[in-house]
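Notes follow once the structure below has been shown.
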Amino acid sequence: MEQHAITTHYAILIGINAYPESPMRGCMRDVQQVRKIIEEMPNPVHIQMFTASPAEDSNLSPLAESPELWPTYDNVTSSVKKITSSAKPGDFVYIHYSGHGTTIKASGGSSIKSPGDLALVLLEVTDRTNMRYLRGLELAYLLRDMVEKGLTVTLVLDCCFSGSVVRKDSMVRCLSYDPQTDAAYPLDPSQSLSLEAEASRPAYRDVSLRPNWLVNPDGYTILTACGPTEVAKELVLNQNGERHGVLSYFLLRTFAKLGGVGGKQQHIYHHLCARFRETREKRKNEQNPMFYGNKNLCFFGRATPRIRSAPIPIIKKPDGSIQLEAGQAHGICDHDQFSVHPLGSAKEDSVSNRTLVIATVTQVRALTSTLKVLETKSVYVETGWMATALTYLSLRKFPVRLELGLPHPGDWTAALQERRSLDVSDSSNTILGRPISFYVAMDSDNGYEIRDETNQPVVHVPTTTSHQDGIKEKAQPQCEDIIKVFLTIRSTSFMSLELPELATSFEGDRTTKSRGRGHDGLSDDWAALNFRIRTNAR
């Protein structure tokens with residue numbers, strides 16, 4: 001007897017063209033193409049698609065689709081709740097929305113309508129088609145219920161929430177807030193009280209609710225088509241006038257390069273950033289994708305732990321040069337070397353298991369650098385390829401000294417030979433009087449101890465043995481953290497600078513800062529500031 005495969009993946013796809021105001025042309029095409037590629041996944045996917053296209057005869061029906069497939073508030077929220085009820089912990093949910101967004105303005109004394117609360121513009125169909133808002137905080141509650149059940153949720157929003165929208169632009173996926181639409185469908189009293197209580201909590205006491213459910217999602221990831229002050233537009237693909245949302249279009253092309261839906265979230269996001277930047281330069285479309293949430297999760301599937309480094313996207317410039325989307329602010333130096341490879345291929349097997357394609361940095365600017373491929377034969381590098389660092393020569397600016405008595409000296413020697421980016425010496429060959437940034441020694445508990453330039457302890461690293469025996473928490477009267485803030489005149493990513501978490505303690509009492517400027521003007525201007533925060537136990 002044939003056994004049916006167990007469903008572990010669920011998708012909700014929402015594409016709305018037939019708005020009563022400012023109708024769109026590419027939203028349905030977005031989700032139709034997403035459905036095609038999802039249906040090719042090896043695991044069975046339960047797909048619920050809600051679309052709205054104009055009916056041929058509006059006297060018979062306001063929309064061409066059957067009522068159960070209309071993207072109404074009730075249909076969409078009911079679908080989310082059904083999946084939450086039927087799915088099992090560990091299952092995956094992908095929600096893709098292509099349509100208009102809006103920003104709900106303040107009204108009366110309601111805290112849930114404080115400035116900046118975002119909403120998806122769904123439909124409400126009776127004898128005619130009306131609009132109805134799905135507020136951001138309502139959506140966050142629905143997603144929270146999924147996360148609390150142990151579901152892994154990916155949300156893609158191909159719309160925008162900018163308040164400064166040219167309403168006559170039929171390419172823009174945003175509508176100005178309409179208080180009459182909002183008032184026509186008020187929250188029911190029980191839901192309103194629940195949202196009011198949540199909004200009054202300290203986490204929601206910002207001028208805008210945007211930084212809470214959107215910028216800091218709890219247990220799920222969000223990919224949006226643009227930043228909060230930008231507009232999301234549609235692309236005209238050919239002479240027939242076919243359109244796609246920019247985010248949906250490049251996301252589909254990304255999956256095509258990966259051979260299907262999946263991949264690490266941060267790698268996909270970096271690839272999308274490169275594609276958006278290339279489009280912005282060619283089409284003058286000021287739009288940057290935004291990513292919120294756990295970047296280490298996999299897109300609509302289980303993560304592959306074999307890829308640990310954070311690759312950096314590449315852009316192929318019109319003059320044929322190769323631009324690395326990282327520069328001085330990211331610690332890149334002249335002569336740094338990178339392995340360059342297509343999206344989805346590990347650095348060990350780049351370019352179809354051939355020899356590694358190595359590129360070196362020939363010019364460093366503030367936020368970008370120029371790469372030159374070190375290949376005797378022709379290698380075609382294109383926008384969207386990724387670069388994985390082989391060296392970080394800027395680390396040589398911080399000499400490290402190993403004290404005598406460290407265990408496993410042979411292992412240390414072998415490891416350092418593989419890491420030529422580091423400037424490490426031991427006490428037997430250190431030049432007298434040479435400044436040292438860090439010392440590494442053993443403490444009385446057989447743990448590694450990192451010391452500062454004055455040879456005072458700053459970090460205690462437990463040994464493997466002490467980890468196995470268990471680490472006892474030490475009562476400390478205070479701790480100090482450093483928040484590093486980068487200010488740049490254009491969007492950039494610093495994910496390549498992130499390191500694994502490590503218990504740290506720093507001494508110091510002042511704010512430090514640095515500032516850089518690119519060779520080509522203010523577009524690459526940046527600054528970095530360190531803020532020390534000391535917490536005292538009471």
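For clarity, every value in this text was computed on a predicted model and none was experimentally measured.
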- [ ] State, yes or no, whether a side-chain contact exists between Leu155 and Leu223 at a heavy-atom distance under 4.5 Å.
- [x]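 They are not in contact (no side-chain heavy atoms under 4.5 Å apart), so the answer is no.
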Task: Side chain to side chain, Phe291 and Gln266, heavy atoms closer than 4.5 Å - done: no
Got a donor-acceptor contact below 3.5 angstrom from the [X] side chain to the [Y] backbone?
X      : Y      : answer
Glu234 : Val172 : no
Lys149 : Ser85  : yes
Thr103 : Leu118 : no
Asn17  : Ala52  : no
Asp30  : Ser248 : no
His271 : Gly384 : yes
Tyr269 : Pro289 : yes
Tyr19  : His100 : yes
His341 : Ala387 : no
Thr102 : Tyr177 : yes

Test [X] against every option in [options] by the side-chain contact (heavy atoms from CB on, under 4.5 Å) rule and name the one that passes.
X      : options                       : value
Asp158 : Val246, Leu251, Val31, Leu247 : Leu247
Val80  : Val153, Leu142, Val93         : Leu142
Tyr220 : Leu151, Leu143, Leu297        : Leu143

- [ ] Under the side chain to side chain contact (heavy atoms under 4.5 Å, CB included) rule, collect the residues that match up with Val76, sequence neighbours excluded.
- [x] Ile14, Phe50, Leu122
Task: All side chain to side chain contact (heavy atoms under 4.5 Å, CB included) counterparts of Thr383, not counting sequence neighbours - done: Ala274, Arg275, Glu278, Ile315, Lys316
Taking all non-hydrogen atoms of both residues, which atom of [X] and which atom of [Y] are closest, and how far apart?
X      : Y      : answer
Cys226 : Ala232 : SG-N, 3.7 Å
Ala256 : Ile37  : N-CD1, 4.3 Å
Cys27  : Met24  : SG-CB, 3.7 Å
Cys159 : Gly101 : CB-N, 3.9 Å

Note: [X]-[Y] ion pair, threshold 4.0 Å (strictly below):
X      : Y      : result
Glu242 : Arg25  : no
Asp182 : Arg132 : no
Arg35  : Glu39  : yes

TODO: List for me each residue that meets side chain to side chain donor-acceptor pair (under 3.5 Å) alongside Arg29, sequence neighbours excluded, and say none if there are none.
DONE: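 Here no residue qualifies.
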Task: Test side chain to side chain donor-acceptor pair (under 3.5 Å) applied to Glu65 - qualifying residues, sequence neighbours left out - done: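 Only Thr51, Ser53 meet the side chain to side chain donor-acceptor pair (under 3.5 Å) criterion with Glu65.
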Open item on the list: Could you tell me if Glu230 and Asn288 have a donor-acceptor pair between their side chains, going purely by distance under 3.5 Å?
Closed with: yes
TODO: Examine the side chains of Tyr133 and Glu124 and answer whether a donor and an acceptor come within less than 3.5 Å of each other.
DONE: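 Per modelled atom types, Tyr133 and Glu124 side chains form no pair under 3.5 Å.
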Task: Inter- and intrachain pairs under salt bridge (charged side-chain N to carboxylate O under 4.0 Å, His left out), touching residues 244-263, at least two apart - done: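 Those involving residues 244-263 are Lys257-Glu382.
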Open item on the list: Looking at Gln180, I'd like to know if its CD atom is crowded, meaning that more than 12 non-hydrogen atoms belonging to other residues, nucleotides or ligands lie closer than 6.0 Å.
Closed with: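 Open: at most 12 neighbouring heavy atoms sit under 6.0 Å from CD of Gln180.
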Task: Interatomic spacing from OH in Tyr97 to CZ in Arg173 - rounded to 0.5 Å - done: 9.0 Å
- [ ] Give a yes or no on whether the ring-centroid distance for Tyr94 and His9 is below 6.0 angstrom.
- [x]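 Ring-ring flag for Tyr94/His9: false, centres at least 6.0 Å apart.
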Task: Sequence neighbours excluded, every pair satisfying side chain to side chain donor-acceptor pair (under 3.5 Å) that has a member inside residues 75-84 - done: Thr72-Asn75
